[in-house]
Protein chains: 2
Amino acid sequence: MSQVRDAAEPEAEAELGELLVALRGKGGRVTTARRALLGAMLERGGHCSAEELAEAVSVAHPGVRLSTVYRNLEELERLGVVVHAHLGHGAASYHLASRAHGHLVCEHCGVEIETPDELFASLAQAAAQRWGFRVNPWHSAVSGTCADCLASDRAREIRP
Amino acid sequence: MSQVRDAAEPEAEAELGELLVALRGKGGRVTTARRALLGAMLERGGHCSAEELAEAVSVAHPGVRLSTVYRNLEELERLGVVVHAHLGHGAASYHLASRAHGHLVCEHCGVEIETPDELFASLAQAAAQRWGFRVNPWHSAVSGTCADCLASDRAREIRP
DNA sequence: GTAAGTGCAAATGATTTGCAGATGT
DNA sequence: ACATCTGCAAATCATTTGCACTTAC
């Protein structure tokens, strides 16, 4: 067994390698902070805020600033490696681009449901036909009320 | 001609009356700030940020604070009179509940397209069937790329 | 060596909150 | 009169920016 590094699983280690190659290939530099950030994203598999990622990175690399995480996420997004989504009211949620997906988010309890892109197919087609608009299914979650909240009293507060 | 008040158009004046009656009926108090706020919303017909509304209100009623506008918008929303939507990255957009509608927003240039609710019909039906989730078409805009940006270079920066 | 990346602190923008005084019913 | 609203100032939360120093290449 080789020395334990940032990513423990061999699969993730391989994918991390690919991402770093892609990063370098586009002119980006491979730094400690970036390696750790991508490692953390691979480990957690998405749905992380910048703050959560900064914390995860800090475990092995204390002193990595939140601002650095934001700058790196921005850069990785520009390179097409990372994607961010706006779910409820809080902070943005970051994902690896290869694992991007849509969301339904309950306005009342905040529960998040991951959706296949097919859910948006007919909306995307209609938007393209009527306005020439290409829908991005994962950038903004679709709001609404989840089954639990519909069943409970909460739903009645909003629409009788 | 009667004295000029907050709302000049007779139609809006009538609708304002209805809204104030509804407000009082639910136990809310009719204050200067609220009358002016609803008047401003009627005049502008939606797509206003809290700050824009505060400015509009300030014309006739200087000294109305932004925090008061936020508190009143929150209360009016609780009463079902007003609704807010998250369009791009900026401030929330407030609308009268009676005029709520969905939006497509371009990630690149920020242009906003108002959509009929039918656009969401098939998505809403699928979400209801698979997850028992009731979609709210107007609370979050659907992200994507508008026709102009698709035609220009900008689109190529994002997805080749 | 040089441009790109980072730490740090401070600014930003949107929204919220605490509290004492003013106002609607 | 009494609870509700409001003014005001300050706090909060997510994110961004300026600048001097460090590091990857």
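So you know, we letter chains A, B, ... as the sequences are listed, proteins then strands, and number each from 1.
Rounded to the nearest 0.5 angstrom, Leu96(A) CG and Leu38(A) CG are separated by 7.0 Å. Leu66(B) contributes atom CG, which lies 5.5 Å from atom CD of Glu51(B) (distance to the nearest 0.5 angstrom).
Applying a 4.0 Å cut-off to non-hydrogen atoms, the residues of residues 18-31 of chain B that approach DNA chain D are Gly28(B), Arg29(B), Thr31(B), listed by residue number.
Applying the side-chain contact (heavy atoms from CB on, under 4.5 Å) test to Glu114(B) and every residue at least two apart in sequence or in another chain returns His47(B), His101(B), His103(B). With sequence neighbours excluded, the residues satisfying side-chain contact (heavy atoms from CB on, under 4.5 Å) with Ala126(A) are Leu119(B). Val111(A) pairs by the side-chain contact (heavy atoms from CB on, under 4.5 Å) definition with Cys106(A), Cys109(A), Cys146(A), not counting sequence neighbours. Here Arg99(A) pairs with Glu15(A) under the salt bridge (Lys or Arg N to Asp or Glu O under 4.0 Å) rule; sequence neighbours left out. Annotation: ring-ring contact (aromatic ring centres under 6.0 Å, His included) contacts of Tyr94(B) (sequence neighbours excluded): His84(B). Every residue meeting the side-chain contact (heavy atoms from CB on, under 4.5 Å) condition with Glu52(B), not counting sequence neighbours, appears here in chain and number order: Arg44(B), Cys48(B), Ser49(B). Residues meeting the salt bridge (Lys or Arg N to Asp or Glu O under 4.0 Å) test with Glu75(B), sequence neighbours left out: Arg78(B).
In this structure, Glu52(B) atom CD and dT15(C) atom P are separated by 11 Å, rounded to whole Å. Atom CG of Asn72(A) is separated from atom P of dA24(D) by 13 Å (rounded to the nearest Å). Across the protein-nucleic acid pair, His61(A) atom NE2 and dT23(D) atom C1' stand 15 Å apart, rounded to whole Å. Computed from coordinates, the Leu37(A) CG to dG5(C) C1' distance equals 13 Å when rounded to whole Å. Nucleotide dT4(D) holds its P atom 11 Å from the CZ atom of Arg78(B), rounded to whole Å.
Among pairs with a residue in residues 123-133 of chain A, none fulfils side-chain hydrogen bond (donor to acceptor under 3.5 Å, both in side chains), at least two apart in sequence or across chains.
Here Arg65(B) does not reach the OP1 or OP2 of dT6(D): none of its side-chain N or O atoms lies under 4.0 Å away.
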A correct 5'-to-3' footprint of nucleotides 9-21 of chain D, with B, S and - meaning base, sugar-phosphate only and no protein heavy atom under 4.0 Å, is -----SBBBB---

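Rounded to 10°, the helix from dG1(C)-dC25(D) to dT25(C)-dA1(D) has 30° between the axis fitted to its first five pairs and the one fitted to its last five.
Annotation for Leu87(B): hydrophobic cluster partners, listed by chain and number, are Val105(B) (ILVMFWY side-chain heavy atoms under 4.5 Å, direct or chained).
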